[in-house]
Amino acid sequence: MTPVESVRIDVWLWRARFAKTRSLAAALVERGAVRLTHQGRQTRLDKPSRVVHPGDEIVFARDGRIAVVRVEALGERRGPPAEARALYVPIGDEAE
């Protein structure tokens, strides 16, 4: 089996536990509240089907604050919180 190199943004946000459901993750993306930096280019995402890759940076609003994270892994399932935290590294203020 070949390793997966990308995953939909709504699936990743759900697996990383930034959204309780995939539907809520998709709605966040459709509202234009998620920005993705891939290979140095930042894009405001508008479709949940857009994909993320390890190394990409994602910016979005979370609990009234701006969250900036770097994708470290894609994950294979929505696991426990410790497993979800292994999917990303906080950048900036979130790294406190």
Side-chain angles (χ1 to χ4, degrees):
M1 185 176 228
T2 60
V4 178
E5 297 176 8
S6 65
V7 70
R8 291 171 54 117
I9 184 66
D10 61 334
V11 171
W12 189 87
L13 289 167
W14 174 68
R15 287 179 181 170
R17 293 184 164 261
F18 289 116
K20 288 186 179 189
T21 67
R22 248 182 91 184
S23 296
L24 289 174
L28 182 69
V29 175
E30 289 169 346
R31 282 196 316 266
V34 178
R35 293 180 186 211
L36 172 73
T37 302
H38 176 70
Q39 296 180 343
R41 265 185 77 209
Q42 188 177 81
T43 307
R44 182 184 300 259
L45 300 181
D46 57 352
K47 296 180 183 175
S49 61
R50 302 292 174 126
V51 296
V52 296
H53 305 85
D56 289 353
E57 291 182 8
I58 300 172
V59 179
F60 58 96
R62 180 175 185 215
D63 300 328
R65 298 178 67 192
I66 299 296
V68 183
V69 299
R70 183 176 56 245
V71 177
E72 292 293 310
L74 303 176
E76 295 181 13
R77 65 185 185 129
R78 181 180 166 97
E83 189 176 312
R85 284 190 298 272
L87 300 181
Y88 63 92
V89 171
I91 299 173
D93 294 337
E94 287 283 313
E96 295 175 2

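- Under the 4.5 Å side-chain criterion, counting only non-hydrogen atoms from C-beta, L36 is not in contact with E57.
- Surrounding CD of E76 are at most 12 heavy atoms belonging to other residues, nucleotides or ligands under 6.0 Å away.
- Of the charged side-chain nitrogens involved, none lies within less than 4.0 Å of a carboxylate oxygen, so that E83 and R78 do not count as a salt-bridged pair.
- At a threshold of 4.5 Å between non-hydrogen side-chain atoms, the residues R15 and V7 count as touching.
- Of the listed residues (V71, D56, T43, I58), just one forms a side chain to side chain contact (heavy atoms under 4.5 Å, CB included) with H38, and that residue is D56.
- In this structure, V29 and P48 approach most closely via the heavy-atom pair CG1-N, 3.8 Å.
- Looking only at side-chain heavy atoms (C-beta outward), L24 and W14 stay at 4.5 Å or farther from each other.
- In this structure, R85 contributes its side chain and P80 its backbone to no donor-acceptor pair below 3.5 Å.
- Checking side-chain atoms of T37 against main-chain N and O of G40 turns up no donor-acceptor pair under 3.5 Å.
- Residues L74 and P54 are in side-chain contact: their nearest non-hydrogen atoms beyond the backbone lie under 4.5 Å apart.
- The closest side-chain heavy-atom distance from F60 to V68 is not below 4.5 Å.
- No side-chain donor-acceptor contact under 3.5 Å links R70 to the backbone of V89.
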